[in-house]
Amino acid sequence: MDRIYSFVVGSNNYASHEWMESLAEIVGCETIYLFLEDDRQTVKYWIAECVPAIAHLIINEAIYPTDYYITNKKFDWLITENHHDVVQFIGKGLDVGIIKKACEK
């Protein structure tokens, strides 16, 4: 998979997580899978099947998530944010124009 787009949260014009308000439009599907890394000490992930509109609520309620990953059922694409606040959009089926517009709000 090729990287489509990436940015560092808080750099340049990129606000923290405002792009997540457009997640449903970015991914174009009704159901997503959210993987939350528990911490860096153990290899443990919490998995949620949800609608894109509530992904940010789950992430915000998690206790110190270090990294998280969002994908569809077929793993056609992957959206990830790591513990360095780098957000990346990777794979097929994601529209770069929508991503850039949502990320630069």
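Here the structure is a predicted model, which is why all the values come from computation and not from measurement.
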Checking [X] now: which residues fulfil side-chain contact (heavy atoms from CB on, under 4.5 Å) with it, not counting sequence neighbours?
| X | result |
| --- | --- |
| A24 | P52 |
| K73 | Y33 |
| L57 | I54 |

*Which class fits the ring pair F89 and W19: parallel under 30°, tilted 30 to 60°, perpendicular over 60°?*
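Perpendicular.
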_Closest approach of D67 to H83 (non-hydrogen atoms, all atoms of both residues)_ = OD1-N, 2.8 Å
*How close do I90 and L94 get, heavy atom to heavy atom, and via which atoms?*
O-CD1, 3.9 Å
Quick one: pull up [atom1] in [X] and [atom2] in [Y] and give me the separation to the nearest 0.5 Å.
| X | Y | atom1 | atom2 | answer |
| --- | --- | --- | --- | --- |
| I79 | L23 | CD1 | CG | 5.0 Å |
| L36 | Y45 | CG | OH | 10.5 Å |
| Q88 | E81 | CD | CD | 10.5 Å |
| S22 | I98 | OG | CD1 | 8.5 Å |
| D76 | C29 | CG | SG | 9.0 Å |
| E25 | I99 | CD | CD1 | 10.5 Å |

_Any side-chain to backbone donor/acceptor pair from T80 onto Y68? Under 3.5 Å, distance only._
yes
Using side-chain heavy atoms (C-beta onward) and a distance below 4.5 Å, is [X] in contact with [Y]?
| X | Y | result |
| --- | --- | --- |
| C50 | T31 | no |
| L34 | Y69 | no |
| V51 | I32 | no |

*Pick out which of I70, I26, V87 makes a side chain to side chain contact (heavy atoms under 4.5 Å, CB included) with M20.*
I70
